[in-house]
Amino acid sequence: MHYLAEGLRLPTNGLDYTILAIYFVVVLGIGFAARASVKTSLDFFLSGRSLPAWVTGLAFVAANLGATEILGMAATGAQYGVAVVHWYWIGAIPAMVFLGLVMMPFYYRSKVRSVPEFLLHRFDKSAHLLSSILFAFSAILIAGVNLYALSIVVEALLGWPQWVAIVVAGLFVLVYITIGGLSSAIYNEVLQFFVILAALIPLTLLGLKRVGGWDGLSGSLEKQHGADFMTAWGGTGIGDANPLGANWLTIILGLGFVLSFGYWTTNFAEVQRALSAKNLSAAQRTPLIAAFPKIFIVFAVMIPGLVAAVLVPKIGTPGSDLTYNDAIPLLMQELLPNGVLGIAVTGLLAAFMAGMAANVSSFNTVFTTDIWQRYVKKDQPDAYYLRFGRLITAVGVLASIGTAFIAASFSNIMTYLQTLFSFFNVPLFVVFIIGMFWKRASMKSGVWGLLAGTTAAMVNYFVIYKQGIIDIPSDQGANFVSAIVGFVAGAVVMVAVTLFTAPKPEAELAGLVYGTESPDADEAPEAGDDAWYRKPALLGWGALVLAALCYLPYSL
């Protein structure tokens with residue numbers, strides 16, 4: 001990721017810094033308030049499985065709405081146009097609905113504390129250990145992206161040295177997670193969700209006003225980039241050229257199925273929020289509640305990117321000192337008065353902290369429960385694992401600082417994140433999906449499927465694409481292809497290994513494979529769970545229909 005342009009320094013004043021200071025005080029206050037509820041390791045890692053669905057639902061979407069999402073998707077809008085809606089309506093909503101309706105019953109009823117722990121029950125220790133290590137590594141990489149991006153943005157916008165931004169943000173995330181555990185992270189994510197929207201909505205409306213509304217925006221961009229820039233599917237025929245560098249098949253399979261389902265259904269930074277819900281119904285509703293704001297958030301990140309492309313036609317080109325990642329900071333400088341500017345800066349910092357906190361809190365859970373407790377220090381008192389969880393949180397934050405600079409080689413941070421997802425989430429997803437729907441899948445097929453999928457995705461990206469063996473037009477297109485290759489390789493190897501190794505005894509598959517009953521499958525619903533808005537199926541279908549309707553203006 002290139003440094004933001006120095007000319008983007010914001011004219012902040014005392015009012016803006018007061019707003020920022022108030023936010024940090026509230027964040028720490030939430031952390032200390034949540035401390036009283038942390039008495040056991042389950043309280044620290046999963047909030048004691050006690051939170052209501054509306055809280056976990058908002059935290060679910062906020063955990064994804066980090067600044068890498070905001071800056072990255074605005075950058076994607078400036079670079080690729082309206083095609084950015086694919087990451088939401090195809091690349092998120094269907095997978096979120098699938099997680100809520102199909103996968104959450106398996107996760108929640110099995111009483112697992114993490115996603116890798118599910119693989120221990122379904123396959124064996126080797127699959128569990130490998131998935132735990134891969135997830136812990138990817139979580140630190142992704143947390144590092146947030147921290148690195150924050151330091152660059154704060155340096156450019158406020159003039160703070162990078163090390164100050166890193167220390168301040170890292171310290172605050174460390175303090176409120178260490179003190180209040182997952183509850184602190186989740187309640188802060190709910191607050192951050194509204195702060196982020198308070199920053200994005202004025203930016204979107206003022207940006208549209210500056211360029212003459214939607215018609216003015218469309219007219220300007222069609223003149224600059226052609227009509228396909230303002231349609232979701234224009235130019236995506238197989239063999240056609242388009243800015244995204246992907247056709248409809250790779251969009252649907254690579255993004256809509258493999259990358260999307262791989263991320264939303266197996267990424268523990270998201271699933272952890274649902275696992276902290278108070279009962280199965282609330283756990284199922286968590287991603288479904290999150291799906292509704294997710295449908296509309298795309299406008300608040302896409303439109304600023306499009307507006308930036310109008311205001312600075314050469315943004316991201318070799319002749320400009322502005323990269324695509326500068327879209328949001330550029331509009332903040334151009335459009336926002338003091339006071340509102342303070343809210344916007346606070347929202348941006350909140351977004352960075354939300355993304356980092358989600359990955360750090362999931363990292364400390366997986367490292368403590370799946371690696372340390374399972375393979376290093378077994379059968380210790382619960383208080384020991386609570387203390388260790390707090391210690392490893394500090395280690396995770398320090399490691400995030402160390403891995404942050406890996407992102408420096410990517411001009412679009414969303415491209416970097418999609419690369420990581422194709423390497424780590426997609427192979428995990430193929431193991432999950434085959435293991436959950438095919439009883440015959442053997443115990444050893446899990447670990448070999450993970451290895452094959454991860455290796456194949458990396459080989460496709462670093463060798464076949466980067467070495468030019470096959471011409472793929474863009475990094476994003478290469479990510480879609482890597483995801484498909486990783487999925488297919490993992491699936492083929494799992495089937496092949498299953499043919500020559502022993503299956504798991506059928507008696508041990510209860511509640512772990514689709515069609516088998518969990519011992520507590522008859523769990524009684526709580527009073528009021530029969531209301532229509534508490535029924536996961538209705539919420540899921542509603543989200544899918546609404547997302548489909550959103551496509552109508554872009555398909556004309």
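All values below were derived from every heavy atom in this structure, side-chain atoms included, with hydrogens, water molecules and symmetry-related copies excluded.
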Problem set entry | Euclidean distance, Thr368 OG1 relative to Phe45 CZ, rounded to 0.5 Å | 4.0 Å

For this session: Please confirm whether Phe44 and Tyr385 have ring centers closer than 6.0 angstrom.
Result: no

Problem set entry | Under 3.5 Å: donor-acceptor pair, side chain of Ser131, backbone of His128 | yes

Exercise. Is there side-chain contact between Leu450 and Val447, with heavy atoms separated by less than 4.5 Å?
Worked result: no

For this session: Taking the side chain as every heavy atom from C-beta outward, state whether Val366 and Glu117 have any pair of such atoms under 4.5 Å apart.
Result: no

Show me, pair by pair, the donor-acceptor contacts under 3.5 angstrom made by side chains of residues 288-298, not counting sequence neighbours?
| unit_1 | atom_1 | unit_2 | atom_2 | d |
| --- | --- | --- | --- | --- |
| Lys294 | NZ | Asn64 | OD1 | 2.5 |
| Lys294 | NZ | Glu69 | OE2 | 3.2 |

Exercise. Is the backbone N or O of Ala232 less than 3.5 Å from a side-chain atom of His86, with the two atoms forming a donor-acceptor pair by type?
Worked result: yes

Problem set entry | Under 3.5 Å side-chain donor-acceptor pair for Thr365 and Gln272 | yes

Problem set entry | Ala127 versus Leu119, closest heavy-atom pair with distance | O-CD1, 4.2 Å

Exercise. Are any of the side-chain heavy atoms of Tyr108 and Gln284 separated by less than 4.5 Å?
Worked result: no

Exercise. Can the ring centres of Phe423 and Phe462 be said to be less than 6.0 Å apart?
Worked result: yes

Exercise. So, do Asn267 and Phe135 sit near enough that their side-chain heavy atoms are less than 4.5 Å apart?
Worked result: yes

Exercise. How about Leu420 and Ser138: do any of their side-chain heavy atoms sit closer than 4.5 Å?
Worked result: no

For this session: Among Phe98, Phe437, Trp438, Tyr107, find the residue that satisfies the ring pair (Phe, Tyr, Trp, His ring centres under 6.0 Å) test when tested with Phe432.
Result: Tyr107

Problem set entry | Test log, rule side-chain hydrogen bond (donor to acceptor under 3.5 Å, both in side chains), inputs Arg273 and Ser361 | CA-CA 10 Å; Arg273 275 77 194 138; Ser361 61; 3.2 Å; yes

Problem set entry | Value rounded to 0.5 Å, distance of CE in Met436 from CZ in Phe106 | 4.0 Å

Exercise. With a 4.5 Å limit on heavy-atom distance, are the side chains of Arg113 and Gln373 in contact?
Worked result: yes

Seminar exercise, completed: The side chain to side chain contact (heavy atoms under 4.5 Å, CB included) partners of Ser50 (sequence neighbours excluded) come to none

Problem set entry | N/O donor-acceptor pair under 3.5 Å between Thr455 side chain and Ala452 backbone | no

Problem set entry | Test item: side-chain donor near acceptor, Asn364 and Thr393, under 3.5 Å | yes

Exercise. Residues in side chain to side chain contact (heavy atoms under 4.5 Å, CB included) with Ile371, at least two apart?
Worked result: Ser132, Ile133, Phe367

Exercise. Who pairs with Phe194 by side chain to side chain contact (heavy atoms under 4.5 Å, CB included), at least two apart in sequence or on another chain?
Worked result: Leu58, Val190

Exercise. Any side-chain donor-acceptor pair under 3.5 Å between Ser126 and Asp124?
Worked result: yes

Seminar exercise, completed: With sequence neighbours left out, the residues meeting side chain to side chain contact (heavy atoms under 4.5 Å, CB included) with Ala143 are Met356, Asn359, Val360, Ser400

Problem set entry | Approximate separation, where rounding is to 0.5 Å, of Gln380 CD and Ser41 OG | 12.5 Å

Exercise. Distance only, no hydrogens: is a donor on one side chain within 3.5 Å (strictly under) of an acceptor on the other, for Tyr263 and Glu270?
Worked result: yes

Problem set entry | Arg122 side chain to Gly435 backbone, donor-acceptor under 3.5 Å | yes

Report all side-chain donor-acceptor pairs from residues 480-506 shorter than 3.5 Å, counting only partners two or more places apart or in another chain.
| unit_1 | atom_1 | unit_2 | atom_2 | d |
| --- | --- | --- | --- | --- |
| Ser482 | OG | Asn460 | ND2 | 2.7 |
| Ser482 | OG | Ala478 | O | 2.9 |
| Thr498 | OG1 | Ser442 | N | 3.3 |
| Thr498 | OG1 | Met494 | O | 2.7 |
| Thr501 | OG1 | Ser442 | OG | 2.6 |
| Thr501 | OG1 | Val497 | O | 2.7 |
| Lys504 | NZ | His121 | O | 3.3 |
| Lys504 | NZ | Phe123 | O | 3.0 |
| Glu506 | OE2 | Lys439 | NZ | 3.1 |

Problem set entry | is_close_aromatic(Trp264, Phe421), centroid dist under 6.0 Å | no

Problem set entry | is_close_aromatic(Phe429, Phe257), centroid dist under 6.0 Å | yes

Problem set entry | Approximate separation, where rounding is to 0.5 Å, of Ile196 CD1 and Ile70 CD1 | 4.5 Å

Problem set entry | Distance in Å, Asn479 CG paired with Thr250 OG1, rounded so as to fall on 0.5 Å steps | 11.0 Å

For this session: Please indicate whether Arg390 has more than 12 foreign heavy atoms, meaning atoms of other residues, nucleotides or ligands, lying under 6.0 Å from its CZ.
Result: yes

Problem set entry | CG-NZ distance between Leu120 and Lys125, expressed to the nearest 0.5 angstrom | 7.5 Å

